[in-house]
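Take a look at the structure set out below.
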Amino acid sequence: SHIRLWALQLIFVTCPSLLVIMHVAYRDDREKKNREKNGENCPKLYSDTGKKHGGLWWTYLLSLFFKLIIEILFLYLLHKMWDSFDLPRLVKCTNVDPCPNTVDCYIARPTEKRVFTYFMVGASSICIVLTVCEIFYLIFKRVIQRTRKWKKSTKRSVSYSKASTCHCHVKSEEKDNKSQPRCVA
C-alpha cells in the first residue's frame with residue numbers, strides 16, 4: 001500500500017527531529033535547575049537554549065544525516081518494489097501458492113498509484129536536495145566561524161604585543177609632554 005509506505009516514511013523522517021526537540025528540552029531543564037539551585041541572578045548556562053552551539057549543533061547535524069539516509073532508503077525501496085517507479089496494469093504471477101500455473105494479476109487503479117508514486121519520489125527528491133544543502137551550509141558556516149576565530153586569536157597575539165609597546169610609549173609621552181598621544185613603531 002502506497003499510503004502505508006508513505007506514512008511509515010513520514011514517521012521515520014520525523015523521528016530525528018524529535019531527538020533535536022528533546023535535546024532543547026533537556027537544555028531548558030538544565031537551565032531551570034541551575035536557576036533553582038543558584039538563584040535567579042546566577043549566570044546562564046546557555047545564552048539561548050535553542051541556538052545550535054556545542055552538543056545541540058552535533059545533534060542537529062546527526063539528525064540531518066539520519067533523515068538523508070532514511071529518505072534515500074525509502075526511495076530505494078520504492079524503486080525495488082516497482083521497477084523504475086512504474087506500475088504496470090498487469091502482472092504475471094508465477095509460483096504463487098495455491099496456484100500451480102502462471103496467473104494474471106491486475107493492479108487496481110494503476111494510474112492513480114503511479115501518480116502518487118511520482119509525487120512521493122518528487123517530494124523525497126526535493127527533501128534530499130534540501131537536506132544536503134542544509135548539511136553543507138551548516139558545515140561551511142562552522143568552518144568559516146572557526147577560521148575567523150583562529151585568525152582573530154593569532155592576530156590578537158601579534159597586535160597585542162605591538163599595542164602594549166605602543167601603549168607604554170603613549171603613557172610615557174603623555175607624562176612628559178602632556179600632548180596628543182602618538183604611537184611610534
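Just so you know, these numbers come straight off a predicted model, no measurement behind them. Along the sequence shown, residues carry numbers from 1.
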Would a 4.5 Å heavy-atom cut-off, applied to side chains only, mark H23 and R27 as touching?
yes
T131: what forms a side chain to side chain donor-acceptor pair (under 3.5 Å) with it, not counting sequence neighbours?
none
F74 side chain near F12 side chain, heavy-atom distance below 4.5 Å
yes
Does W57 share a hydrophobic cluster with F65, counting links as ILVMFWY side-chain heavy atoms below 4.5 Å and allowing steps through other members?
yes
Begin with the C-alpha distance, continue with both residues' side-chain angles, and end with the deciding distance and a verdict on side chain to side chain contact (heavy atoms under 4.5 Å, CB included) for I128 and L75.
CA-CA 10 Å; I128 288 171; L75 271 181; 3.5 Å; yes
What's in the same ILVMFWY side-chain cluster as I126, cut-off under 4.5 Å, chained through other members?
L130
Donor-acceptor pairs under 3.5 Å, side chain of residues 114-124 to any protein atom, not counting sequence neighbours: which ones?
residue : atom : partner : partner atom : Å
R114    : NE   : D86     : OD1          : 2.7
R114    : NH2  : L87     : O            : 2.5
T117    : OG1  : H2      : NE2          : 2.7
T117    : OG1  : K113    : O            : 2.7
S124    : OG   : Q9      : NE2          : 2.8
S124    : OG   : E71     : OE1          : 3.2
S124    : OG   : M120    : O            : 3.1

Please list every donor-acceptor pair under 3.5 Å in which a side-chain atom of residues 132-147 meets a protein atom from a residue at least two apart or in another chain.
residue : atom : partner : partner atom : Å
E134    : OE2  : Y60     : OH           : 2.2
T147    : OG1  : V143    : O            : 3.2
T147    : OG1  : I144    : O            : 2.9

Hydrophobic clustering (ILVMFWY, side-chain heavy atoms < 4.5 Å, transitive) - are L77 and I72 grouped together?
yes
Roughly how far, to the nearest 0.5 Å, is OG1 of T14 from CD1 of I70?
8.5 Å
Using side chain to side chain contact (heavy atoms under 4.5 Å, CB included) as the criterion, list what pairs up with W58, not counting sequence neighbours.
L61
Hphob cluster co-occupancy, V13 + I69, side-chain heavy atoms under 4.5 angstrom
no
Does the side chain of V24 come within less than 4.5 Å of T59's, by heavy atoms?
no
Which residues share a salt bridge (Lys or Arg N to Asp or Glu O under 4.0 Å) with R148, sequence neighbours left out
none
Got a sec, which residues hit side chain to side chain contact (heavy atoms under 4.5 Å, CB included) with N34, two or more places apart in sequence or on another chain?
E31, N38, C42, L45
Co-membership, hydrophobic cluster, residues F66 and V20, 4.5 Å side-chain:
no
Could you give all pairs that pass the salt bridge (Lys or Arg N to Asp or Glu O under 4.0 Å) test and reach residues 115-127, with sequence neighbours left out?
none
Which residues pass the side chain to side chain contact (heavy atoms under 4.5 Å, CB included) test with S17, not counting sequence neighbours?
K67
Partners of K32 by salt bridge (Lys or Arg N to Asp or Glu O under 4.0 Å), sequence neighbours excluded?
none
